[in-house]
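Down below is the structure, laid out as structure tokens.
Here is the naming used below: chain letters follow the sequence lines, and residue numbers restart at 1 for every chain.
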Amino acid sequence: MSTATTPAHRYDAALANTIEDKWQAAWAKAKCWRAINPGEAQFDPSALRFFCMDMFPYPSGAGLHVGHPVGYVGSDIISRFRRMHGDNVLHPMGWDAFGLPAEQYAIQTGVHPRTTTESAINTYRRQLQRFGFSYDWDREIATIDESYYHWTQWIWLQAWSSWYDTTCDKARPIDELVRSLESGKYCIDDSGSLALRTPGESDQSWNDLDAQTQRDLLDEHRLAYLGEQTVNWCPKLGTVLANEEVIDGKSERGGHPVVRRGLKQWMFRITAYAQRLLDDLNGLDWPQSTRTQQAEWIGRSEGAELYFPLAESGDSIHVFTTRPDTIFGATFMVLAPEHPLIDAVLAQPPSGCDVESVRDYVEQARNRSDVDRMAEQKDKTGVFSGLWAINPATGGSIPVWIADYVLMGYGHGAIMAVPGHDDRDAAFAQRFELPIVEVVQPPAGAEHDGCFTGTGTAINSASGDLSINGMQTDEAKAAVIAWASKGGHGRGLTTWRLRDWLFSRQRYWGEPFPIVFTRDGAAWPISAAALPVVLPDLSDYTPVETDDPQPLLGKATDWVETTAGEAGVDPELLPPDTPVRRETNTMPGWAGSCWYYLRYCDPKNDKALIDPEVERYWLGSTETSDGGVDLYIGGAEHAVLHLLYARFWHKMLFDLGHVTSNEPFRTLFHQGMLTSYAWKRSDGSLVPVDEVDADAQVERATGEQVERIIAKMSKSLRNVVNPDEVIAEYGADTFRLYEMYMGPLEASKPWNTRDIVGVYRFLQRVWRLAMNEESGEAVTIDAPVDETERALHRMIAKVSEDIPKLAFNTAIAAMIEFVNTATQQGGLTSDQLDRFSRVLSPFAPHIAEELRSRLGLDGFCSTASWPTWDDAMLQDDTLELPVQIKGKVRGRIEVPANADPATVETITLADERIAELLNGATPRKVIVVPGRIVNIIP
RNA sequence: GCCGGAGUGGCGGAAUUGGCAGACGCGACGGAUUCAAAAUCCGUUUCCCGUUCAGGGAGUGUGGGUUCGAGUCCCACCUCCGGUACCA
């Protein structure tokens with residue numbers, strides 16, 4: 001690049017890269033980014049804490065993508081800004097490193113996932129460090145480290161050792177439950193569930209139960225428990241698959257057959273927390289869309305369960321409905337194909353039952369996943385069961401059908417069908433010619449086509465002991481619930497969409513569960529002192545192909561088959577020589593990310609997951625916050641799962657006294673997605689970006705006209721940008737500025753390589769403003785220019801306001817304007833340059849340090865104080881105000897900045913041009929908005 | 001279908017929450033510099049009419065409304081993006 005004519009000290013890519021390396025080394029050496037914990041010598045209790053965290057990445061082999069740094073640059077700017085205000089800033093980074101890709105790679109190559117993962121981590125760390133992010137690297141964590149997953153396992157054991165006490169609405173240690181049962185404070189009621197003791201004849205005494213029964217009862221109440229689940233099992237891949245990984249009954253990867261089958265899996269009782277997870281959303285400073293998504297995912301639904309007796313047996317069908325008021329319109333019932341009653345039907349078919357059809361239908365439905373069932377949407381299928389039920393309100397007989405539009409996993413897996421007021425029931429009734437009765441009168445003027453599903457007035461709804469005619473929907477609901485409760489026909493009930501969390505995987509590359517089984521199937525915990533249970537090495541990562549699900553860890557036979565003593569079970573629980581089998585499932589990828597924010601606070605603690613005093617300091621409540629991470633930045637794609645799971649773990653730890661705040665992330669911000677331009681042919685197909693002449697908008701090979709569209713970056717479109725290349729060409733400061741200057745942080749926006757040069761030129765202008773390009777020495781003027789000084793104050797004020805709002809694009813625009821003004825005005829004094837470089841430093845920290853150092857100042861911009869501004873300097877003595885006549889700008893006037901409205905009006909009307917336009921008429925009204933505008937109504 | 005978010009120049013985007021629409025940047029055009037180019041600097045750049053100047057008109061997805069004044073508020077609609085989807 002450099003030629004004889006290029007000045008020796010021009011700010012170009014080579015210089016940028018040189019100074020960036022230099023300052024990164026200097027910051028690291030000085031440990032500029034170290035956060036101070038309470039208890040450390042330099043700890044300053046008067047400093048505000050600021051815990052600012054990025055969602056940690058999963059380090060993939062492909063390296064960092066330009067989309068990753070968008071949020072990281074943002075969090076870095078505000079962290080640096082807060083540090084310059086003297087705050088104690090905790091800004092850490094780590095690695096979400098267990099997961100599938102490394103394991104898939106291991107299957108193909110035999111390379112241990114740890115090897116690939118660690119190499120990917122090294123790449124990511126090197127790339128991140130190259131951006132000059134101010135992470136406290138001494139607090140770096142990786143979920144795959146034994147010292148980390150030690151505590152992941154410990155938390156799981158906490159859950160296994162706890163139960164949810166609904167009487168005080170919190171989790172408690174299960175030992176306390178045992179003591180309460182032994183002392184008789186709690187007892188087991190008839191149905192086998194726990195109840196507060198109200199001494200009665202039928203109560204079973206806990207102490208009379210045999211050990212096995214006692215254990216089973218306790219196991220049923222643990223927050224982490226073994227439960228039977230229907231899963232997608234792929235024999236060929238040797239693993240269960242998520243619903244999204246199954247397409248048309250085949251695995252997405254490889255197209256192997258998938259069967260639905262029951263499997264004992266570790267579960268988390270997240271449903272116990274449903275109400276709190278919902279309620280506490282209100283106290284969070286989170287994007288509304290994310291809060292809504294979580295609320296919908298939790299899916300609280302108020303209604304009633306109603307009992308419909310069968311015509312010819314003593315049984316009844318329990319249904320859940322949100323519209324008990326429509327019970328008079330229930331003309332048939334529908335069972336999910338998995339409903340337990342169907343087995344009884346097949347065993348003893350009623351007279352009207354076509355056994356073959358029912359068997360076929362149920363069999364077919366069973367092998368289709370929920371996702372497949374839903375794919376068909378409108379086309380309702382079903383079969384008559386032969387059963388008849390009694391509508392308890394009308395007393396009439398109604399047929400019971402079986403159809404897969406009713407899901408076993410929600411409510412009771414059975415519904416009362418009201419085809420008059422439910423779209424799905426209406427479609428089904430039409431298809432199978434079932435009767436439709438209207439029982440809700442729409443309010444006057446309500447528009448609807450087909451069936452009316454809104455609220456209105458009950459009609460046709462009266463029988464012997466119940467009449468709700470004329471009632472509004474809400475009143476009618478309450479009346480039906482009251483009637484049902486009194487007559488034993490049902491009761492009010494709230495159901496949730498949220499299911500318990502399936503927490504085991506048959507994979508290798510995850511945290512082992514700290515638990516073992518004796519021959520009788522009983523589970524025994526590994527004692528806390530024996531943690532971590534270390535993931536054993538395997539020589540072969542290929543899944544076992546089998547119909548009987550077998551996790552990969554089953555291959556480590558020596559590890560699996562062991563003794564209680566070897567595994568670390570407390571000898572008081574089991575004699576050390578007892579043969580035991582280790583749990584071979586592993587935890588899912590979410591586990592490590594559920595609590596990593598806690599570990600950042602105290603990453604090297606080997607006595608506890610976090611020291612209580614440290615926890616209170618970084619995460620406890622303060623004058624301005626109810627506690628939790630002060631700012632958490634990451635993608636909206638984690639709106640539900642990660643953020644919900646982490647909230648659940650946090651609440652569990654809160655109940656058990658390990659954390660002091662009720663929520664983990666007080667303020668959440670989603671950075672927007674980076675898209676890229678792509679090209680589309682007229683037939684809609686996409687053309688790789690390097691096969692298009694962008695200026696002419698034609699495809700090179702064919703000369704065909706193509707249209708520019710915005711698409712996600714993807715390998716196939718060849719529109720992925722590698723950050724390393726951008727840094728090599730412009731430097732990290734330019735990269736940082738570009739990503740922040742593109743637009744609002746939260747907006748998704750297209751990467752446009754051509755635009756980068758704009759901020760690059762800005763940095764070059766900054767450099768030339770302050771440096772002699774020939775000598776490399778600072779050039780400053782002696783006396784400040786008033787206009788420049790005012791511009792500087794305006795700029796500092798603007799940037800100081802914008803950074804806390806994460807409005808970085810406008811902050812940068814303000815800096816550009818200032819530099820343009822300063823250049824026109826002939827330069828800066830060294831004092832002005834010092835202040836400017838400090839404002840610039842959160843955004844472009846390396847060039848800012850270089851300017852400071854060449855000015856001859858000591859220390860770092862990064863640890864200097866943030867410059868102040870004087871409000872008096874923000875305004876000029878006189879203002880130019882636009883004058884509107886009837887809302888259109890017709891002229892301008894000069895007024896003193898402090899002029900009162902009456903004076904402004906006088907000046908306006910005295911203005912020659914305004915008077916001319918008014919043509920001598922006296923205006924009806926003059927509106928003066930101080931400092932803004934004058935509007936005349938003639 | 002439902003729930004969010006957004007529609008502003010050739011492009012990315014500004015607009016103190018009702019007060020000069022288009023800040024800032026890219027691109028484009030013109031000029032200076034240069035043997036020439038790159039780089040840099042200066043100027044122009046929403047559109048239309050007028051076109052030296054002056055000036056005039058239209059304009060923030062569409063149609064209505066409120067207001068002295070609307071990109072911003074209200075009503076109806078259109079389009080795009082994200083999420084979700086037989087949840088009874």
Quick one: label [X] by what it contacts on the DNA or RNA (base, sugar-phosphate, nothing), any heavy atom closer than 4.0 Å.
{"X": "A/N752", "answer": "nothing"}
{"X": "A/N820", "answer": "sugar-phosphate"}
{"X": "A/E801", "answer": "nothing"}
{"X": "A/I415", "answer": "base"}
{"X": "A/R765", "answer": "sugar-phosphate"}
{"X": "A/K925", "answer": "nothing"}
{"X": "A/R924", "answer": "nothing"}

Does one side chain, of A/Q288 or A/T292, offer a donor that lies under 3.5 Å from an acceptor on the other? yes

Ignoring hydrogens and geometry beyond distance, is a side-chain donor-acceptor pair present between A/W496 and A/T494 at under 3.5 Å?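 Absent: no donor and acceptor within the cut-off.
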
Roughly how many Å is it from [atom1] in [X] to [atom2] in [N], rounded to a whole number?
{"X": "A/I936", "N": "B/rG19", "atom1": "CD1", "atom2": "C1'", "answer": "15 Å"}
{"X": "A/I933", "N": "B/rU17", "atom1": "CD1", "atom2": "P", "answer": "16 Å"}
{"X": "A/F808", "N": "B/rC24", "atom1": "CZ", "atom2": "C1'", "answer": "17 Å"}

Closest to the [X] side chain: [options]?
{"X": "A/R497", "options": "B/rU84, B/rC26, B/rA88", "value": "B/rU84"}
{"X": "A/Q764", "options": "B/rU40, B/rG69, B/rG27", "value": "B/rU40"}
{"X": "A/R10", "options": "B/rG19, B/rC26, B/rA39", "value": "B/rA39"}
{"X": "A/A813", "options": "B/rC68, B/rA23, B/rA14", "value": "B/rA23"}
{"X": "A/R754", "options": "B/rG27, B/rA21, B/rG69", "value": "B/rG27"}
{"X": "A/T810", "options": "B/rG12, B/rA14, B/rG56", "value": "B/rA14"}
{"X": "A/P750", "options": "B/rC24, B/rG13, B/rC20", "value": "B/rG13"}
{"X": "A/P744", "options": "B/rG13, B/rU40, B/rG12", "value": "B/rG13"}
{"X": "A/I927", "options": "B/rC68, B/rC41, B/rG12", "value": "B/rC68"}
{"X": "A/Y677", "options": "B/rG12, B/rG19, B/rC41", "value": "B/rG12"}

Can you tell me how far NZ of A/K798 sits from CD1 of A/I796, rounded to the nearest 0.5 angstrom? 14.5 Å

To the nearest 0.5 Å, what is the distance between CD1 (A/I298) and OG1 (A/T271)? 11.5 Å

Could you tell me whether a side-chain N or O of [X] sits under 3.5 Å from a main-chain N or O of [Y], the two making a donor and an acceptor?
{"X": "A/R323", "Y": "A/T453", "result": "yes"}
{"X": "A/W767", "Y": "A/H9", "result": "yes"}
{"X": "A/D425", "Y": "A/V418", "result": "yes"}
{"X": "A/N391", "Y": "A/I327", "result": "yes"}

Base-pairing mate for [N] - Watson-Crick or G-U, with both contacts under 3.5 Å:
{"N": "B/rC53", "value": "none"}
{"N": "B/rU84", "value": "B/rG1"}
{"N": "B/rG12", "value": "B/rC24"}
{"N": "B/rG69", "value": "none"}
{"N": "B/rG43", "value": "B/rC29"}
{"N": "B/rA36", "value": "none"}

Walk me through whether A/Y677 and A/W751 qualify under ring pair (Phe, Tyr, Trp, His ring centres under 6.0 Å). CA-CA 7 Å; A/Y677 292 117; A/W751 178 277; over 10 Å; no

Pick the nucleotide of RNA chain B nearest each of A/R323 and A/K749; which residue has the one closer to the 5' end? A/K749

Assert: residue with more 5' nearest nucleotide on RNA chain B, out of A/V757 and A/G931, is A/G931

Please determine whether a side-chain nitrogen or oxygen atom of [X] lies at a distance below 4.0 Å from atom OP1 or OP2 of [N].
{"X": "A/N809", "N": "B/rG12", "value": "no"}
{"X": "A/Y410", "N": "B/rA88", "value": "yes"}
{"X": "A/R890", "N": "B/rG56", "value": "yes"}

I'd like a list of close polar pairs between nucleotides 81-83 of chain B and the protein, N/O only, cut-off under 3.5 Å.
unit_1, atom_1, unit_2, atom_2, d
B/rG83, O2', A/Q293, OE1, 3.1

Residues, nucleotides or ligands: over 12 heavy atoms within 6.0 Å of A/E637 CD: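 Check passes, neighbour count above 12.
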
Please work out whether B/rG63 sits syn or anti, treating a glycosidic angle within 90° of 0 as syn.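 It is anti.
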
Go through the N and O atoms of the side chain of A/N935 and the base of B/rC68, and report whether any donor-acceptor pair is under 3.5 Å.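 Side chain to base: pair found, below 3.5 Å.
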
